[in-house]
Amino acid sequence: MAGDEIRRNMALFPIGIVMKLTDLTARQIRYYEQHELIQPARTAGNQRLFSFNDVERLLEIKALIEKGVNIAGIKQVMNPVGDGSDEPTVINEQSEVKRREMTDSQLHRMLKQQLMTGKRPGQVSLIQGELSRFFKSK
DNA sequence: TTTCTCACA
DNA sequence: TGTGAGTA
């Protein structure tokens with residue numbers, strides 16, 4: 001149902017609310033926006049307005065950050081956000097799950113690529129906690 | 001009061 | 001990332 005997607009993508013709350021909802025600072029939220037991890041709408045007064053989808057995305061980002069993944073890594077794990085020409089933004093739980101399963105293979109591929117490419121000092125930190133997921137059972 | 005952009009300890 | 005400045 002399209003109505004659901006409309007509600008999820010409807011810009012509703014200002015950054016102050018999002019800060020409480022995600023436990024992120026305004027600085028971080030704006031920073032992630034700069035890196036195109038999220039794309040909140042703007043009011044006539046240039047105020048950011050976030051949708052439920054933006055908040056969920058922020059929570060995912062937060063989770064990754066806590067695992068030790070940096071912006072570069074998150075960019076590779078998150079969906080390509082670019083110019084919005086794409087934006088199917090999961091409609092039902094089933095596709096939500098499917099996307100999670102995909103994330104693991106993408107992450108594995110990402111890690112492999114990085115390990116083979118030969119990591120530079122700055123990018124080495126990209127993995128950390130994520131690696132344990134592949135070395136342990138599961 | 002809240003948020004915005006910009007710049008720097 | 002934090003934080004202060006100066007606005008809107």
Quiz item: Reckon A/Tyr31 has a side-chain N or O less than 4.0 Å from the OP1 or OP2 of B/dC4?
Solution: no

Self-check item: Pairing residues for A/Ala26 by the side chain to side chain contact (heavy atoms under 4.5 Å, CB included) criterion, not counting sequence neighbours
Solution: A/Ile15, A/Met19, A/Arg30

Self-check item: From CD (A/Glu60) to CD1 (A/Ile38), nearest 0.5 Å
Solution: 12.5 Å

Quiz prompt | Spacing of CE belonging to A/Met10 relative to CZ belonging to A/Arg8, to within rounding of 0.5 Å | solution = 12.0 Å

Practice problem: Hey, could you give me the CG/CG distance between A/Leu21 and A/Leu58, rounded to the nearest 0.5 Å? | Solution: 9.5 Å

Quiz item: Heavy atoms under 4.0 Å, any strand shown: does A/Arg30 hit a base, just sugar-phosphate, or nothing?
Solution: base

Exercise. Would you give a per-nucleotide map of nucleotides 2-8 of chain C, 5' to 3', where B means the base has a protein non-hydrogen atom under 4.0 Å away, S means only the sugar-phosphate does, and - means neither?
Key: BB-----

Quiz item: In what stems does DNA chain C take part, counting only runs of at least 3 consecutive Watson-Crick or G-U pairs whose two distances fall under 3.5 Å?
Solution: B:4-8 with C:2-6

Exercise. Calculate the interatomic distance between A/Glu33 atom CD and B/dT3 atom P; express it in whole Å.
Key: 14 Å

Quiz item: What integer distance in Å separates A/Asp23:CG from C/dT1:P?
Solution: 13 Å

Quiz prompt | Check: A/Ala2 main-chain N/O paired with A/Glu5 side-chain donor or acceptor under 3.5 Å | solution = no

Quiz item: B/dT2 P sits how many Å from A/Ile29 CD1, rounded?
Solution: 15 Å

Exercise. Give, for atom CD1 of A/Ile61 and atom CG of A/Leu24, the distance between the pair rounded to the nearest 0.5 Å.
Key: 8.0 Å

Quiz item: Is the distance from OP1 or OP2 of B/dT3 to the nearest side-chain N or O of A/Arg48 less than 4.0 Å?
Solution: no

Quiz item: Checking side-chain contact (heavy atoms from CB on, under 4.5 Å) for the pair A/Phe13/A/Asp54: CA distance, chi angles, key distance, verdict?
Solution: CA-CA 10 Å; A/Phe13 13 70; A/Asp54 290 323; over 6 Å; no

Practice problem: Starting at NZ of A/Lys75, measure out to NE2 of A/His35 and round the result to the nearest 0.5 Å. | Solution: 5.5 Å

Self-check item: A/Leu49 CG to B/dT2 P, straight-line distance once rounded to whole Å
Solution: 16 Å

Self-check item: Atom-pair distance (CD1 on A/Ile17; C1' on B/dT1), nearest Å
Solution: 13 Å

Self-check item: A/Arg57 side-chain N/O to A/Leu37 backbone N/O, donor-acceptor pair under 3.5 Å
Solution: yes

Quiz item: Quick one: A/Arg42 CZ to B/dC4 P, roughly how many Å, whole number?
Solution: 6 Å

